[in-house]
Each structure stands twice: as C-alpha cells, then as structure tokens.
Amino acid sequence: MDRIDLRSDTVTLPSDAMRAAMAAAPVGDDQYGEDPSVNRLQERVAGLLGKEAALFVPSGTMANQIGLKLLTRPGDEVVVGEEAHIVWHEAGASAANSGVQFTVAGKGGLFTAADFRSAHKPAGHIVFPPTTLVVIENTHNRGGGVIFPQDEVVAICRDASALGAGTYLDGARLFNAAVATGRSLAELAAPFDVVSVALSKGLGCPVGSLVAGTREAMQRAVRARRMFGGAMRQSGILAAAGLHALDRGLDHLAEDHANARRLAERIADTKADIDLATVQTNIVIFRLPPPLPDAATVVRRAQEQGVLVSAFAPRTIRATTHLNVTSAQCRHAADVLARILAP
Ligand SMILES: *Cc1c(COP(=O)(O)O)cnc(C)c1O
C-alpha cells in the first residue's frame with residue numbers, strides 16, 4: 001500500500017482537474033488589478049463570507065499577520081484562545097510585525113464572553129496595555145479541530161465591539177466548521193471585522209488564503225500585503241485552483257470528518273488518551289501516557305508501516321484527514337496505530 005500521510009491536511013496534491021484549471025486560467029498583473037482569475041476568486045470568496053471585499057494572499061500566516069496589522073498598533077494587547085496558531089505557529093511574526101502582546105483566555109482554544117471580558121484591559125489606563133483586538137480560531141487547530149460555539153462567537157464579538165476592540169477570525173479551517181455545523185460561511189463570519197480562510201487546507205489547493213472585510217479595510221490590506229512581500233503578479237494560476245475547489249463543492253469535507261471520527265474511536269479503544277468530544281472535524285489529537293512510547297517513537301513505528309502522523313508535543317500525536325486519504329486508508333492507518341498503542 002502507498003504511504004498514508006496524515007501529518008496535515010496541507011499535504012494534498014492538486015488533482016489533474018485542478019492542474020488543468022490552473023493551466024487554463026486567464027491571468028494578468030494583479031498589482032495592476034488586472035488578473036481576472038484573482039479578481040473572480042476575491043469576489044466569490046467575499047460573497048461567500050458576506051464581506052464587501054476579499055484579498056488573495058500567499059498563506060494563512062500572512063492573512064493573520066495582515067489582520068493583526070490592520071486592527072492593532074504596537075504595544076496593544078490581543079486576546080486569544082490557548083495555543084492559538086497566531087501565537088504558536090507563526091515564528092514570532094506577531095511580535096515582530098505588529099509589536100503586539102497576547103493574553104490567553106479560556107481552555108483548549110475556546111473561551112466565553114465572560115472570559116474575554118475578564119481578560120480585556122481598557123484603553124487610557126495608566127499602566128495597562130489596551131486590548132484592541134480579539135482573535136477567534138475556528139476550527140481550532142491545536143485544540144483538535146474543535147468548532148468555536150457560534151453563540152459564544154456572537155457574544156464575544158458583541159462585547160468586543162462595545163468595548164471598542166476589533167474582532168478577527170482565523171478561519172483557516174472555516175470550511176470544515178461550516179460543513180460540520182451546517183451553518184453558512186457568511187453566518188460564521190458575520191460577527192467579525194476581518195476574516196481569513198485558507199485554500200491550502202481541506203480544499204486541497206497548493207497555495208493561498210484570503211482575507212476579507214470592508215472595502216476600506218481591504219484597501220489598507222493591499223498595502224500590508226505589499227509590506228510583507230506577498231504582493232504577487234500572474235497569481236491567477238493559483239487563484240484558479242481555489243475557484244476549481246469551490247466549484248467542486250465542500251461535500252468531501254464531511255467524509256474527512258467521518259474518517260477522523262472513526263480513527264479517533266479506534267484510538268479510544270487503546271491505551272492512548274483521547275477526548276472524543278474534541279473530534280468534531282478532520283483533526284485527531286491524542287496523548288501517550290506512560291508506559292506507551294513517546295511521540296517520536298510512535299511516529300517512527302507508524303512510518304515503518306507506511307503511516308505518517310505528527311508529533312505535536314513530546315507525548316502528543318496529531319493525525320489529520322484530508323482529500324488525499326480514502327476511508328479504507330484511514331481504516332488501515334487506524335489498525336497500524338491501534339497495534340502500536342495497545343501492544
Ligand atoms: C494552517 C493554519 C494557518 C495558516 O497556515 P499557513 O501554513 O501559513 O498557510 C492559520 N491558522 C490556522 C488555524 C491554521 O491551521
């Protein structure tokens with residue numbers, strides 16, 4: 001059997017049909033606003049998210065960094081959930097690019113409006129850093145792909161606005177949240193000033209994210225993208241992959257979620273420690289209490305049997321389902337992992 005790569009939903013390879021769409025894409029110089037494929041993708045995603053405008057950027061990290069740049073000033077404080085991507089997975093960019101500091105609210109990536117209010121610090125105080133932004137990650141990667149409860153999103157964003165703070169949605173996996181909840185992308189995005197979505201995760205595209213918000217915010221985002229070196233030229237070749245993925249539809253994400261669920265239920269029957277309540281989308285995170293081997297050992301033993309998973313921490317593993325792994329492959333991967341975890 002071919003190797004089964006569950007390290008991330010970013011490992012997908014573009015299909016022949018996606019490559020054909022990319023090859024055929026009409027393109028132009030996007031810095032002159034003349035790439036028709038980029039323009040179409042931006043309009044389409046803005047429409048899906050219910051925002052006035054959207055901007056195509058090279059990565060989810062850049063989308064997040066643009067969001068921070070638009071909504072904060074150096075020295076400001078930003079409220080985030082535990083182990084947020086913007087804090088853990090962006091190489092220190094938030095401090096370097098925007099000079100912000102973070103306060104963590106809640107548990108497992110989720111927090112409540114009450115948590116937000118107690119973390120919030122007012123502007124104009126003699127010693128406090130002003131809280132000018134709250135960031136919500138939906139779904140939450142390091143939380144195990146959990147969905148942020150929408151009633152709490154609405155309450156947090158309402159409180160933030162009342163307190164004069166901005167609201168940003170790290171929606172790299174918002175498509176997963178939409179499919180799992182049955183809510184529209186626009187509903188999930190509605191409470192936020194600025195929103196990002198990724199094409200390179202569940203949608204299976206090789207490159208790209210979009211950031212969306214008001215027309216005025218996106219005009220400022222154009223400058224931030226340029227400052228960060230993310231202004232591209234005939235990027236319609238990349239945008240075409242996104243258009244192709246949106247044309248294909250999102251139904252395949254429900255299969256990814258079902259595959260993750262079955263894998264997680266299998267892991268729950270082993271000596272590994274897994275909270276099945278967190279397995280809501282395409283991510284399965286489990287811990288390895290002694291006497292189980294550590295994560296590096298589990299990764300190596302699984303790899304010897306053709307199954308790739310990620311060591312997320314010394315005793316934590318992440319497995320992620322995606323477009324390029326079938327149900328049968330996920331069942332086989334579950335067999336391999338179950339043998340390693342229940343010797
Ligand atoms: C993957 C991811 C991103 C963006 O990552 P890039 O690798 O920069 O595209 C942002 N936020 C979350 C929650 C993610 O999982």
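Each ligand, and each atom within it, is numbered from 1 in the order the structure gives.
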Item checked: Passing option when N176 is tested against L253, N138, I147 for side-chain contact (heavy atoms from CB on, under 4.5 Å) ->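 Exactly one candidate clears the test, L253.
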* The single option from V134, V87, L133 passing side-chain contact (heavy atoms from CB on, under 4.5 Å) against V78 ->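 For V78, the side-chain contact (heavy atoms from CB on, under 4.5 Å) check succeeds only for L133.
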Solution key, residues 94-104 side-chain donor-acceptor pairs under 3.5 Å, sequence neighbours excluded:
from, atom 1, to, atom 2, distance (Å)
S94, OG, Q65, NE2, 3.1
S94, OG, I86, O, 3.0
N97, ND2, Q65, OE1, 3.2
N97, ND2, A93, O, 3.3
Q101, NE2, E77, OE2, 3.1
T103, OG1, E77, OE1, 3.1
T103, OG1, E77, OE2, 3.0
T103, OG1, K121, NZ, 3.4

Do you see a donor-acceptor pair shorter than 3.5 Å between the side chains of D275 and T278? no
Practice problem: Would you indicate whether R44, at its atom CZ, is surrounded by more than 12 heavy atoms from other residues, nucleotides or ligands within a distance under 6.0 Å? | Solution: yes
* Asked: Under a 4.5 Å cut-off applied to non-hydrogen side-chain atoms, are S209 and S59 in contact?
  ->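 Of all side-chain heavy-atom pairs linking S59 with S209, none is under 4.5 Å.
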Close residues (non-hydrogen atom under 4.0 angstrom from ligand 1) work out to S59, G60, T61, N64, H85, E137, N141, D170, A172, R173, K201
